[in-house]
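This report concerns only the one structure given below.
So you know, we letter chains A, B, ... as the sequences are listed, proteins then strands, and number each from 1. Computed from heavy atoms alone, side chains included, the values below leave out hydrogens, waters and symmetry copies.
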Number of protein chains: 2
Amino acid sequence: MLAISQATDPRSGITMSYPIAAHMASGAGAPNGVISAPVLTALEARSTTIRVERDEEIVAQEDLAINCYQVVSGCVRTVRLLEDGRRHIGEFLFAGDMFGWEALDRHDFGAEAVTPVTLRRYARRDLEQLADQDRGVARRLRELSSCRLRSGREHMVLLGRKTASERIASFLLEMAARINPDARASIELPMSRSDMGDYLGLTIETVCRRLTRLRVDGTIAIDGTKIAIRDRRALGEAGCERVMH
Amino acid sequence: MLAISQATDPRSGITMSYPIAAHMASGAGAPNGVISAPVLTALEARSTTIRVERDEEIVAQEDLAINCYQVVSGCVRTVRLLEDGRRHIGEFLFAGDMFGWEALDRHDFGAEAVTPVTLRRYARRDLEQLADQDRGVARRLRELSSCRLRSGREHMVLLGRKTASERIASFLLEMAARINPDARASIELPMSRSDMGDYLGLTIETVCRRLTRLRVDGTIAIDGTKIAIRDRRALGEAGCERVMH
DNA sequence: CGGACAGTTGAGGCCTATCAATGGTGGTGG
DNA sequence: CCACCACCATTGATAGGCCTCAACTGTCCG
């Protein structure tokens, strides 16, 4: 197993693992990756770190898919706009998440910074080449695909069959799990109500109303952008969460 | 490029390509695959052809993901059931489509036969092994993942932001493109109204009403399970379809 | 201080779900 | 052969959930 290189972000001071290296060497059910360090190092050498301000575009919908990205810090949303202005948000991405590598010739969704964001940019062909050279990387990419497909399907069930209350509850649990797996702590939601609505297939007003409902019920506590889960059990039931065997 | 082996289904008499071979050797933007014929042949040798009757289960939700499948003929639906009986259909799969290979340890959706179905069953580990041995196969799998992710996202926009009319219109165009790309011909929809509803996040009644609306408007013609698209332009506009550049 | 903007809350309307009834079709058994 | 049943599709009536429009608050910032 490759040792994960560490680095410290000069801005945030947060210590983090090197992007691709971290992804390729770790992973939940990752098969023991036989990844050659030199190859990874070469990829990292050809990558660029970029900074994107809040609400700025990272890739435009329909852009030629030359590059892919990994979030180093901050939060990113993937966005699809319909002709008449309706908006849908595909995913929220956080530190460690990658996007754009799974595109065909063009990016089907745009990507924008929800907060100020630091990104690492790679040429997709470099990543492809790496996958060709190293079966461990190829496996990890397959596994990443599977994860994205799975969470995408989960979200489809939410959009297709869940009520507003259930969507909000599921969303809060999802964010809690991703932002701060520590059950006790309150989470800082980086996105606006509008973003939440466009992710959940709801309007801002409905998002607000359901949140206040949960608040008055004592299930959550709201303080500006911070939300604390007071009754995780109630939230789980409200969200129709499945128990995995 | 590997020549695609041909075979004739003893039941339907339809000539078709060998499953995996076809997938691995073809594909829209497929990089010129360097796939060794012997490896593919070995995989095919270890596969099984099975027959499943209408409405029978192929894989159960939460099943251990030992096998994956390719549809040889017929139509398959992937299904997720919520505790209270609400149902969501993830995808409809037709001849040539594969499913189950992208699972993690368990299948997150079940799979059922919409029509009587012929399937080819492969051990996932065999396919994984093939991908490890042959970078062309690995590439093709990545490409397949990308396609599934893309169509999944498209469907999320439908579920999150489109009206009932738009969903029906999009659905008809999608099915027309998959079942019979020939614009003129009428298409035979293999699935029930209930299936359509659970795929589109609607009820049977709404599906019916929107279909009859399209019929009286002269946009489509309905004859039992057969539907003919009379005005493709109107359907495209009704469905909010994007024009790809 | 005023404007812009996100968030919240209220009032009312529309779209879709729900409940219900009918028609059509295929399968079954008398 | 036909009565009967089960099931799917369709259509109607009604209800309810979410959207739309609108007003108000609080905060940030020039």
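- One interatomic measurement links the two molecules: CE of B:M196 to C1' of D:dC8, which rounds to 13 Å at whole-angstrom precision.
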Taking protein heavy atoms under 4.0 Å as touching, what does nucleotides 4-21 of chain C look like 5' to 3' if B marks base contact, S marks sugar-phosphate-only contact and - marks none?
---SBBBB----SSBBB-
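- In this structure, B:D198 places its CG atom 14 Å from C1' of D:dC8, rounding to the nearest Å.
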Stepwise ring-ring contact (aromatic ring centres under 6.0 Å, His included) check, B:Y199 with B:H155
CA-CA 9 Å; B:Y199 178 61; B:H155 200 59; 4.1 Å; yes
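- A cation-pi geometry, defined here as NZ or CZ lying under 6.0 Å from the six-membered ring centre and within 45° of its normal, does not hold between A:R121 and A:Y69.
- Between the side chain of B:R120 and the backbone N or O of B:V72, no donor-acceptor pair lies under 3.5 Å.
- When all heavy atoms of B:D198 and B:R87 are compared, the pair lying nearest together is OD2-NE, 2.5 Å.
- In this structure, B:R178 is not positioned above the aromatic face of B:F94 in the sense of NZ or CZ being under 6.0 Å from the six-membered ring centre and within 45° of the axis.
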